[in-house]
Protein chains: 2
Amino acid sequence: MEAALLRIQAGENFDSLSLRSITKAAGVVPAAFYRHFDSLDDLGLALMDESFGTLRAMLREARRGEWTEAIPTSVQVLTGYVNDHRDHFAFIARARGSASSRLRLAVLAEIRLIASELATDLARFPYLRDWSTDDLNMVATLIVNAMISTVEAILETPPDNHVAQVRVAEVADKQLRLVILGVPHWHSEP
Amino acid sequence: MEAALLRIQAGENFDSLSLRSITKAAGVVPAAFYRHFDSLDDLGLALMDESFGTLRAMLREARRGEWTEAIPTSVQVLTGYVNDHRDHFAFIARARGSASSRLRLAVLAEIRLIASELATDLARFPYLRDWSTDDLNMVATLIVNAMISTVEAILETPPDNHVAQVRVAEVADKQLRLVILGVPHWHSEP
DNA sequence: CACAATCGTGAACACTCGTACACCCAGGAC
DNA sequence: GTCCTGGGTGTACGAGTGTTCACGATTGTG
């Protein structure tokens, strides 16, 4: 699993890497792979479990902050987690656009789930309390999309380049603030 | 090229489809491929040219509308173009997360370019006239990301399901309006 | 000590892959 | 009528693919 994550983090796509390249990187003969996984698909699912495990841990931590500080703490938790677990987030990001529809659909479903969870979270905020479910989902997906592209930006930025890292975080912070600024003036109809 | 686009539109990834599957779908023997392209990479570049051709045509048309109607006309042009050229947009969407870094990087660069063009466009709007370049880029990438996910949503929706199509367009419209609503109240510092 | 389980090994299997070559044939130019 | 060109065909090559199988070695347990 480490070998696979390493290659994915280096820019390869999960379903473009071969059994043999994985096992060679792991210092093992191809057949040994089958002592641990039933197939390559199986490896993909295992990586998904692990990766989404850390993603959900991140979400739990992000939710623990104070109401009024939701944006800065969320951004901080996000950047921290992504940099601490670059491999897992790189795997998810890559699997999102991959060909193996098994994985792609699973990732898409998870992200949709996260968006709808965020929608119910948002309903507890002032101004958003009496929005329609549709409108809450609308703003939740807007936010989730912004966060996904933030994750991709973080992954493209070298972890030791602190200036660039801070810049990415600032952009994410501003985007969230801009979206929230519109909330008090919202009317569902044009 | 048609055969390749067809398979991509059906959900496959560009670099997961093989020479032989393409040529078989085109009703031709593998070797005949090389009468038209130097290699598979070459085919990818040709498809990129064609696809970004229609994307840029779309952008030109979207820019032609009236100031005050920018949002609804943009959304309308977007949905129209994506549905009329599903193959090209599917190709771009898939290439964005693909493994062949040649294509992926090219697509990413194009999208970044489009975002910065949008940023200069935005500078002509009221309230946005004296924003800093950084902040203009911030809101431009926010908008571009929302549009990309809208494109993906359109592609996932059957073209003949008009109810679903209209719903996707409405969400896109609302997201843009929400973002713009925050603009007049913006302060760059928290 | 013996036994079972765990994990790695080497060879083999039946594919598929991209690419190259010699050949062929229709159609237009002279 | 000859020649050239564009495009299609059949065959072949070497490399890489996922997977299976019989076999060894190491290790902890009874």
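Every heavy atom of this structure was used, including side-chain atoms; hydrogens, water molecules and symmetry mates were not. The chains referred to below are lettered A, B, ... by the order of the sequence lines, with proteins before strands, and numbering in each begins at 1. Keep in mind the model is a prediction, meaning the values are calculated, not measured.
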Length of the line joining B:Asp38:CG and C:dT19:P, which is rounded to integer Å | 10 Å
Can you tell me the distance, in whole Å, between the CZ atom of B:Phe37 and the P atom of C:dG18?
-> 15 Å
Are there more than 12 heavy atoms of other residues, nucleotides or ligands under 6.0 Å from atom CD of A:Gln9?
-> yes
Integer-rounded Å distance: C:dT16 P and B:Lys24 NZ = 8 Å
Would a distance-only check, ignoring hydrogens and angles, find a side-chain to backbone donor-acceptor pair under 3.5 Å from A:Ser21 to A:Leu17?
-> no
Can you establish whether the number of heavy atoms outside A:Glu110 located under 6.0 Å from its atom CD is more than 12?
-> yes
Between OH of B:Tyr34 and P of C:dC21 the distance, given in whole Å, is 12 Å
Quick one: list whatever passes side chain to side chain contact (heavy atoms under 4.5 Å, CB included) with B:Asn161, sequence neighbours left out.
-> B:Pro158, B:Val163, B:Ala164
Output yes when at least one side-chain N/O atom of A:Ser18 is less than 4.0 Å from OP1 or OP2 of D:dT17, else no.
-> yes
Between B:Arg177 and A:His187, is there a donor-acceptor pair closer than 3.5 Å when you use the side chain of the first and the backbone of the second?
-> yes
Atom pair distance, as rounded to whole Å: CG in A:Leu19 and P in D:dG18 = 5 Å
After noting the C-alpha distance and the side-chain angles of B:Arg104 and B:Arg96, does the key distance pass the side chain to side chain contact (heavy atoms under 4.5 Å, CB included) rule?
-> CA-CA 5 Å; B:Arg104 200 180 76 233; B:Arg96 222 169 61 92; 5.7 Å; no
Which protein N or O atoms sit under 3.5 Å from an N or O of nucleotides 6-11 of chain D?
unit_1: D:dG7; atom_1: N7; unit_2: B:Arg35; atom_2: NE; d: 3.2
unit_1: D:dG7; atom_1: N7; unit_2: B:Arg35; atom_2: NH1; d: 3.4
unit_1: D:dG8; atom_1: OP2; unit_2: B:His36; atom_2: NE2; d: 2.9
unit_1: D:dG8; atom_1: N7; unit_2: B:Arg35; atom_2: NE; d: 3.0
unit_1: D:dG8; atom_1: O6; unit_2: B:Arg35; atom_2: NH2; d: 2.0
unit_1: D:dT9; atom_1: OP2; unit_2: B:Val29; atom_2: N; d: 3.1

Separation of C:dG18 P from B:Leu40 CG (nearest whole Å) = 5 Å
